[in-house]
Each structure stands twice: as structure tokens, then as C-alpha cells.
Engineer: 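If you scroll down you'll find the structure; I have some questions about it.
Just follow the structure's listing: the first ligand is 1, and inside any ligand the first atom is 1.
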Amino acid sequence: MRILVTGGAGFIGSHFVRRLLVAGEDVVVLDKLTYAGNPANLPDGVELIEGDIALAEDVNSVGRFDAVVNFAAETHVDRSILGPDEFVRTDVTGTLVLLQAADEQGARYVQVSTDEVYGDIEPGAASKEDDPLRPSSPYSASKAGGDLQVLAAVRTYGVNASITRGSNTYGPNQYPEKILPLFVTNALDGAPLPLYGDGRQVRDWLHVDDHCAGVELVLREGRPGEIYNVAANEEHENVELTELILDATGADRGLIQHVEDRAGHDRRYSLDTSKLRALGWSSTRNWNEGVRATAEWYRANRAWWEPIKRSGGFRDYYERQYARRLAAT
Ligand code: NAD
Ligand code: TYD
């Protein structure tokens with residue numbers, strides 16, 4: 001099967017590409033190579049086309065494919081607060097353009113979405129696939145818009161598409177703007193760890209290998225028009241994650257700095273995963289061990305992240321995001 005992986009040069013997409021290669025599939029990657037896209041994430045020899053999912057001519061340049069798995073997105077909540085336009089363009093319009101290509105080719109389609117489309121949820125409850133969408137940030141609103149385009153394409157045009165909604169994912173090769181790689185690399189450099197608000201927000205952590213296994217299962221066995229939550233039910237407060245990172249890196253507790261909270265910050269995510277488990281999926285990675293192994297990966301792979309953190313683009317972003325927050329504490 002020739003499988004198009006969009007956003008395959010990013011964090012989760014690149015792990016998914018490796019997984020498909022092990023399964024003996026023929027893989028082609030379409031990636032715009034934004035700040036988050038990195039060809040070095042991909043194994044040698046993978047066919048990589050530089051292009052934009054929101055441009056039909058770029059998508060058509062891929063030629064024939066039997067299936068498409070759409071990881072391509074603008075993905076960072078804090079960046080979406082600074083500038084939402086690109087999120088709508090890629091996450092909504094890009095999804096629509098890909099759906100049209102899948103329809104023309106009669107290809108299977110999987111949309112990789114997020115638990116954030118449900119908005120936050122009170123303690124004790126878990127979001128189910130048919131819950132209403134109540135996104136809080138420009139990022140999650142754009143992802144919700146993409147999901148709705150998928151459901152409309154199934155119903156109106158009969159596209160063979162399914163949606164996965166994964167929870168906060170961690171592992172090697174994650175761009176160091178998200179909390180886990182940012183805090184690990186800052187800790188390794190003795191730099192402050194800027195914890196938003198009271199740090200008691202809860203995220204449901206999922207190892208990238210388990211996330212990719214869930215997406216692959218949905219690609220092969222998911223039903224058209226169906227949505228599948230993916231999560232390991234490993235719920236932890238950000239303070240707990242921060243303590244584990246300090247322990248794993250041997251850094252000083254004094255590096256923690258409570259800073260101004262994120263606007264519109266979701267308090268807690270939690271997913272009901274019984275539907276995917278009924279297909280045969282279960283998580284394999286323990287959170288404590290997985291976070292420690294990921295911290296070790298960053299310790300051993302400075303050559304991967306140091307050039308990113310030293311680049312002008314990253315430093316400008318970091319200044320914009322954190323200078324005021326850190327100075328105020
Ligand atoms: P990432 O930011 O690491 O990678 C995104 C990739 O998409 C990059 O390679 C980038 O160059 C590419 N891209 C961006 N705009 C593009 C465009 N217009 N055309 C083609 N390529 C483009 O993201 P990630 O963390 O690997 O997330 C992948 C997918 O998984 C996203 O759809 C995201 O919403 C979803 N997701 C992520 C998480 C998480 O915790 N990281 C959790 C649940 C769902
Ligand atoms: P993040 O990794 O940005 O993922 P998401 O917002 O998609 O869940 O953030 C995870 C949690 O960590 C979220 O509650 C915000 C918090 N956070 C901080 O406290 N400090 C930071 O510097 C970052 C990037 C995030």
C-alpha cells in the first residue's frame with residue numbers, strides 16, 4: 001500500500017513513518033517544513049516532498065496514494081494565541097484540500113486530531129467521542145474545524161475517513177516548545193522552568209509509540225465516520241511532571257519558576273478510550289519510565305536540539321513568550 005503521511009517530518013508523524021516502514025509499507029511524506037518540520041527526524045531514503053497541504057497543486061504533486069494519514073498541523077497552543085491565522089489555514093483549509101484529494105483518489109483517510117477539541121473537563125469525568133466540541137484556544141478551535149470537515153466529507157461525499165483524538169504525547173524528537181522537551185532541555189542547561197499559574201493543570205500523558213500504534217490500528221480497522229480517542233489514562237499535574245523531570249535530569253528544584261498563566265488555559269483533559277480498546281489497542285509504556293527514557297534521549301542527543309534552541313527563530317519566540325512572564329516573578 002502506498003501511504004501518504006502529511007507532516008511526517010514533525011514529531012509524531014516521523015515516528016509513524018518509521019512504524020509503517022517496519023510494517024513494509026511504501027511511504028511518501030508531504031511536509032511544508034515549517035519551524036517544526038525537520039528532515040533529520042526521518043530515516044534515510046524516505047521519499048520527502050516539500051509542500052503545503054493547503055495547496056491542491058502541492059498535494060496533487062504526490063501522485064497516486066492508497067491512504068493518507070494527516071499529521072500536518074500548526075500544533076502549539078501558545079503560538080496560536082500569538083497568531084491564529086496560520087492555524088486556520090493549515091488545520092482547517094489544509095484538511096479540506098486533503099479530503100478532496102482523498103475523495104478523487106478513492107483513498108482511505110485518517111485525521112490525527114486531539115483531546116483538546118472537547119475543551120477541559122471536570123475532575124472524575126472523561127470525554128467520549130460523541131461529546132460536544134468546546135475548544136478553548138485558537139489551536140483547538142482550528143483542529144475542531146478540521147474534524148468537522150472530515151465528518152462532512154464522509155457524510156456528503158462518502159470519503160472513507162476516520163478521526164483519532166490523541167492526548168498529550170511525549171517521546172524523542174518533540175520540538176522543544178512543548179512542556180516536556182522545553183523543561184528537560186532547560187533543566188539540562190540549568191535554565192528556569194516556567195510553570196504556568198499554579199501548575200496544577202492535569203494532562204493525560206501518552207507515549208509517542210502508543211499514539212502511533214493507535215493511529216495505525218484506526219488506519220487499518222477503523223470505520224468510516226467514526227472517531228477514536230487515544231490515551232493511556234496517565235493523568236498527572238504539571239507540577240508532578242516537573243518534579244519527575246528534575247529527578248530524571250538531576251537538576252535543582254530552584255529552577256522552577258511559577259509564571260503568569262496561559263490565557264484561556266484548560267484545567268484538565270481526560271479521555272474515555274473504551275472504543276479503541278475494543279478494537280484491540282492498549283498502551284504499553286509506563287509514564288514514569290517513559291518520561292525518564294525521553295529525558296535520557298534529550299541528554300544523549302544534544303546535537304538534535306541545541307541547533308534548534310540556538311536558532312534565531314527559536315530565541316525570538318522564547319523571548320516573546322517568556323521574557324515578560326519570567327521578569328514578573
Ligand atoms: P509537530 O508540530 O511536531 O509537526 C507538525 C508537522 O506538520 C511539521 O513537520 C510541519 O512542518 C508540518 N506542517 C505544518 N504545516 C504544514 C502544511 N501547511 N503543510 C504540510 N506540512 C505542514 O506536531 P506533532 O506534535 O507531531 O503533531 C502531529 C499531529 O498530531 C497534529 O495534527 C496534532 O494536532 C496532533 N496531536 C498532537 C499531540 C501532541 O501532544 N503533540 C497530541 C494529540 C494530537
Ligand atoms: P503544552 O506542552 O504546550 O501542551 P498543551 O497546551 O497542548 O496541553 O502544555 C502542557 C501543559 O504545560 C499545559 O497545561 C501548559 C503547561 N506549560 C507550562 O506550565 N509551562 C510551559 O512553558 C509550557 C510550554 C506549558
Side-chain angles (χ1 to χ4, degrees), residues 5-16 29-39 41-42 48-55 58-59 69-81 86-87 89-91 93-95 97-98 111-117 120 136-137 139-140 142-143 146-147 164-171 173-183 186 192-206 208 211-212 215 230-231 236-239 241-242 256-262 264-269 271 318 321-322 325-326:
V5 180
T6 60
F11 165 46
I12 309 174
S14 62
H15 285 264
F16 191 73
V29 171
L30 176 69
D31 197 297
K32 192 177 174 183
L33 300 180
T34 67
Y35 77 92
N38 184 350
N41 290 343
L42 288 166
L48 168 63
I49 298 171
E50 187 173 346
D52 184 344
I53 60 163
L55 293 176
D58 287 5
V59 175
V69 184
N70 181 26
F71 291 89
E74 289 293 333
T75 62
H76 190 39
V77 173
D78 291 316
R79 285 187 193 254
S80 80
I81 295 168
E86 202 56 28
F87 286 73
R89 188 176 176 281
T90 291
D91 302 7
T93 307
T95 298
V97 170
L98 273 182
Q111 175 78 352
V112 180
S113 187
T114 164
D115 58 2
E116 304 197 22
V117 297
D120 52 8
S136 312
S137 70
Y139 163 62
S140 51
S142 306
K143 291 297 291 185
D147 287 12
T164 61
R165 292 190 178 143
S167 66
N168 280 70
T169 303
Y170 69 94
N173 307 90
Q174 186 170 30
Y175 189 86
E177 65 188 352
K178 306 282 165 57
I179 187 169
L180 196 146
L182 179 73
F183 280 20
N186 279 13
L193 312 185
L195 200 54
Y196 297 165
D198 66 2
R200 308 282 309 271
Q201 302 82 8
V202 173
R203 295 294 182 268
D204 190 347
W205 289 99
L206 176 66
V208 66
H211 193 159
C212 288
V215 173
V230 193
H236 300 278
E237 290 182 345
N238 291 336
V239 277
L241 174 67
T242 306
I256 298 177
Q257 250 179 278
H258 284 274
V259 298
E260 186 190 18
D261 208 350
R262 170 187 282 170
H265 200 169
D266 278 336
R267 194 72 186 163
R268 172 176 180 263
Y269 302 129
L271 290 178
Y318 196 78
Q321 192 60 254
Y322 294 108
R325 280 183 157 127
L326 286 167

Engineer: Among all protein non-hydrogen atoms, which one is nearest to atom 4 (O) of ligand 1, and what is the separation to 0.1 Å?
Structural biologist: Gly10 CA, 3.5 Å
Engineer: I want to confirm something. Looking only at heavy atoms, which of Trp205, Tyr269, Tyr196 is nearest to atom 17 (N) of ligand 2?
Structural biologist: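 Looking at heavy atoms only, Tyr196 sits closest to atom 17 (N) of ligand 2.
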Engineer: Could you tell me whether the side chains of Glu74 and Tyr139 share a donor-acceptor contact shorter than 3.5 Å?
Structural biologist: no
Engineer: Provide, to 0.1 Å, the distance between atom 40 (O) of ligand 1 and the closest protein heavy atom, together with that atom's residue and name.
Structural biologist: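 Nearest protein contact, heavy atoms only, for atom 40 (O) of ligand 1 is Thr169 N, 2.9 Å.
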Engineer: With a sphere of 6.0 Å drawn around CZ of Arg200, does it hold more than 12 non-hydrogen atoms of other residues, nucleotides or ligands?
Structural biologist: no
Engineer: Considering only heavy atoms, does Leu182 approach ligand 2 within less than 4.0 Å through its side chain, its backbone, both, or neither?
Structural biologist: side chain
Engineer: So, using ring pair (Phe, Tyr, Trp, His ring centres under 6.0 Å) as the criterion, who are the partners of Tyr196 when residues are at least two apart?
Structural biologist: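 Applying ring pair (Phe, Tyr, Trp, His ring centres under 6.0 Å) to Tyr196 gives none.
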Engineer: Only heavy atoms of Asn238, strictly under 4.0 Å: list the atoms of ligand 2 that pass.
Structural biologist: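 It comes down to these atoms of ligand 2: 11 (C), 12 (O), 13 (C), 14 (O), 16 (C).
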Engineer: Compare Thr75, Ile179, Leu241 and give the one whose heavy atom is closest to atom 10 (C) of ligand 2.
Structural biologist: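 Comparing heavy atoms across Thr75, Ile179, Leu241, the nearest one to atom 10 (C) of ligand 2 lies in Ile179.
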Engineer: Among all protein non-hydrogen atoms, which one is nearest to atom 11 (O) of ligand 1, and what is the separation to 0.1 Å?
Structural biologist: Asp31 OD1, 2.6 Å
Engineer: Quick check on contacts: which atoms of ligand 2 are under 4.0 angstrom from a heavy atom of Leu195?
Structural biologist: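 Matching atoms, with element in brackets: 19 (O).
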Engineer: Which of the numbered atoms in ligand 1 are below 4.0 angstrom from a heavy atom of Asn168?
Structural biologist: 40 (O)
Engineer: Using distance alone, decide if ligand 2 has a nitrogen or oxygen within less than 3.5 Å of any nitrogen or oxygen in Gln201.
Structural biologist: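 In this structure, Gln201 places no N or O atom under 3.5 Å from an N or O of ligand 2.
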Engineer: May I ask whether Thr6 places a heavy atom under 4.0 Å from ligand 1?
Structural biologist: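 Distance cut 4.0 Å: Thr6 fails for ligand 1.
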